[in-house]
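We name chains A, B, ... by the order of the sequence lines, and we start the count at 1 in each one.
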2 protein chains.
Amino acid sequence: MANPIFKAVYSHPELKTADLEAIQAAHEPFGFSKGEVFLKAGQTANNYFLIETGLLRSFAHDFDGNEITTGFTGANEIMIEVASLFQRKPSVENFIALTDGVAWKIEFEDFQKLYHDIPAFNEWGRAWMSHQLFVAKQRNIDMLTKSATVRYVNLLKDKPQIVLEAPLKHIATYLGVTNTSLSRIRKEIAT
Amino acid sequence: MANPIFKAVYSHPELKTADLEAIQAAHEPFGFSKGEVFLKAGQTANNYFLIETGLLRSFAHDFDGNEITTGFTGANEIMIEVASLFQRKPSVENFIALTDGVAWKIEFEDFQKLYHDIPAFNEWGRAWMSHQLFVAKQRNIDMLTKSATVRYVNLLKDKPQIVLEAPLKHIATYLGVTNTSLSRIRKEIAT
DNA sequence: TAAGGCACTTGCCATAGGACAAGTTCTGGC
DNA sequence: GCCAGAACTTGTCCTATGGCAAGTGCCTTA
């Protein structure tokens with residue numbers, strides 16, 4: 001028992017080994033293939049996923065109907081549409097696999113049970129979500145204050161897996177540049 | 001009893017009148033003056049505030065040391081540094097009053113008690129935070145896909161109080177433009 | 001193995017918004 | 001009421017990035 005991904009994801013000082021085992025028991029592992037859809041816009045999320053290996057992309061549509069990549073989820077990360085799952089409303093984001101991989105799935109009801117039964121798990125959830133909020137706000141600042149080149153270089157440094165495995169056009173919309181520009185940035189970086 | 005701000009802020013279908021009264025009892029009202037500091041970067045938040053009247057600004061510093069306005073908090077909204085309060089770490093944001101006003105304050109410990117004693121309050125908190133996350137992500141998309149003029153017009157439409165009461169330079173950094181440009185945008189709009 | 005079609009690159013020009021600097025107006029003490 | 005400094009406007013010029021269109025290379029499928 002005790003797959004290391006659970007220790008990596010559910011990391012909170014007050015979560016004991018027994019808790020982690022109960023948590024793991026509520027998850028179910030499965031393999032997935034490139035192109036597989038995890039959640040479609042318009043559906044209400046009833047579960048979330050831990051990604052053990054592989055890479056997922058999430059995207060929404062802007063007012064003109066263009067796909068905007070909102071994020072990537074890689075190994076040891078949680079793939080979740082928080083707003084849909086916790087407010088029980090249709091998702092505006094889509095989640096799709098960019099590669100084959102392995103993930104663990106947990107149903108909302110099972111999550112709720114853990115959430116109410118294990119206080120440390122509840123605290124973990126709040127801390128995790130507050131961290132996500134922090135990251136989202138930081139991303140906002142970066143978008144407003146850093147040049148496209150700097151944003152790309154930072155992504156390369158912080159999440160090389162994405163740059164290696166995701167196609168250019170998705171990285172471009174994620175960074176808020178056209179793929180033309182990103183192509184030029186790559187060329188320039190490669191000096 | 002039952003100040004309407006509590007009904008407005010703590011809005012959740014399962015929060016009953018008795019709950020709201022217990023919640024209100026844990027808050028303390030106070031008046032504040034323009035320029036008053038609610039939380040300074042580097043401090044760890046030990047409380048949060050409901051703003052009954054008035055307007056607050058939050059800001060952080062970018063890598064060059066420039067002030068970047070990260071948000072405004074107006075009437076019937078919560079002023080909180082989520083990451084600092086729930087992860088017990090120093091804030092990177094500052095919160096300061098742009099106007100005089102009235103607010104209610106609650107200490108973290110009192111909040112924790114409500115959070116553990118009232119399940120509906122706990123659910124409310126999770127839904128509230130997931131909504132904040134949703135808003136932050138939406139803001140990201142807007143920043144990447146909308147022109148400065150459109151961003152300003154939307155702000156004007158969605159939160160006129162800010163445009164009326166906050167100085168131009170703060171609105172400018174919030175929207176990610178220079179104050180020179182915002183001044184020109186305003187002129188152009190006024191056609 | 002040919003054909004169509006993505007994904008990406010490259011060139012050329014256009015434009016939103018930035019940088020800087022010189023006003024002008026507003027505002028809060030005194 | 002007066003003054004200093006802040007807040008805002010405006011002019012001129014500049015740069016990063018977008019828009020469009022024409023490649024090039026690669027991968028899939030028949």
Asks: For the residue pair B/F38 and B/F30, does the interplanar ring angle fall in the parallel (under 30°), tilted (30 to 60°) or perpendicular (over 60°) class?
Replies: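 Rings of B/F38 and B/F30: tilted, as their planes differ by 30° to 60°.
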Asks: Take atom CZ of A/R184 and atom P of C/dG11, then tell me their distance rounded to the nearest Å.
Replies: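 Answer to the nearest Å: 8 Å.
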Asks: Starting at atom CG of A/L175, determine the distance to atom P of D/dG18, rounded to an integer number of angstrom.
Replies: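 Result: 11 Å.
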Asks: Can the ring centroids of A/F134 and B/F86 be said to lie less than 6.0 angstrom from one another?
Replies: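 No, too far apart.
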Asks: Check this one for me: any side-chain N or O of A/S181 less than 4.0 Å away from OP1 or OP2 of D/dG18?
Replies: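 Yes, such a contact exists.
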Asks: Nearest-Å distance, NZ (B/K146) to C1' (C/dG17)?
Replies: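 Between C1' of C/dG17 and NZ of B/K146: 19 Å.
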Asks: Side-chain N or O of A/T180 versus OP1/OP2 of D/dG18: is the shortest distance under 4.0 Å?
Replies: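 Indeed not, no polar side-chain atom of A/T180 lies that close.
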Asks: Can you check whether any acceptor in the base of C/dT10 is under 3.5 Å from a donor in the side chain of A/R186, or vice versa?
Replies: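 Absent.
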Asks: B/I171 has an atom CD1; how far is it from atom C1' of D/dC8, in whole Å?
Replies: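 Distance, rounded to whole Å: 12 Å.
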Asks: In whole Å, I'd like the distance from the CG atom of A/N179 to the C1' atom of C/dC8.
Replies: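 So the two atoms are 8 Å apart, to the nearest Å.
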Asks: Side chain of A/P167, heavy atoms from C-beta onward: which of C/dA19, C/dC8, D/dT9 has the nearest atom to it?
Replies: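 Looking only at side-chain atoms, A/P167 lies closest to C/dC8.
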Asks: Between B/Y152 and B/R186, do the side chains contain an N or O donor and an N or O acceptor separated by less than 3.5 Å?
Replies: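 Their side chains do contain a donor-acceptor pair, which is all the 3.5 Å distance test asks for.
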Asks: Of the nucleotides C/dG17, C/dG11, D/dT17, which one has an atom closest to the side chain of B/T149?
Replies: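 Looking only at side-chain atoms, B/T149 lies closest to C/dG17.
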Asks: Rounded to whole angstroms, how far apart are CG on B/N66 and C1' on C/dG18?
Replies: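 For the pair B/N66 CG and C/dG18 C1', the rounded distance is 13 Å.
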Asks: I need the CG-P distance between A/L182 and D/dG19, as an integer number of Å.
Replies: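 Result: 15 Å.
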Asks: Taking the side chain of B/K169 as heavy atoms from C-beta outward, which of D/dA7, D/dT10, C/dT9 is closest to it?
Replies: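 Taking heavy atoms from C-beta onward, the closest nucleotide is D/dA7.
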Asks: Checking B/Y10 against B/D19: is there a side-chain donor and acceptor pair closer than 3.5 Å?
Replies: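 No, because no side-chain N or O of B/D19 sits under 3.5 Å from a partner of the opposite role on B/Y10.
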Asks: Please determine, for the side chain of B/K187, which listed nucleotide (D/dG11, C/dT9, C/dG18) has the closest atom?
Replies: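 Out of D/dG11, C/dT9, C/dG18, the nucleotide with an atom closest to B/K187's side chain is D/dG11.
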Asks: How long is the line joining OH of B/Y152 and P of C/dA16, in whole Å?
Replies: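 Going from B/Y152 (OH) to C/dA16 (P), I get 19 Å.
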Asks: Go through D/dG18, D/dT17, C/dG18 for me and flag the one nearest to the A/A148 side chain.
Replies: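 Nearest to the side chain of A/A148 among the choices is D/dT17.
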Asks: Would you say B/S183 reaches D/dT9's phosphate, i.e. side-chain N/O to OP1/OP2 under 4.0 Å?
Replies: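 True: B/S183 side-chain N/O within range (under 4.0 Å) of D/dT9 OP1/OP2.
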Asks: With a 3.5 Å cut-off and no angle check, do the side chains of A/R184 and A/N179 form a donor-acceptor pair?
Replies: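 There is no such pair (donor and acceptor under 3.5 Å, judged by atom type) between the side chains of A/R184 and A/N179.
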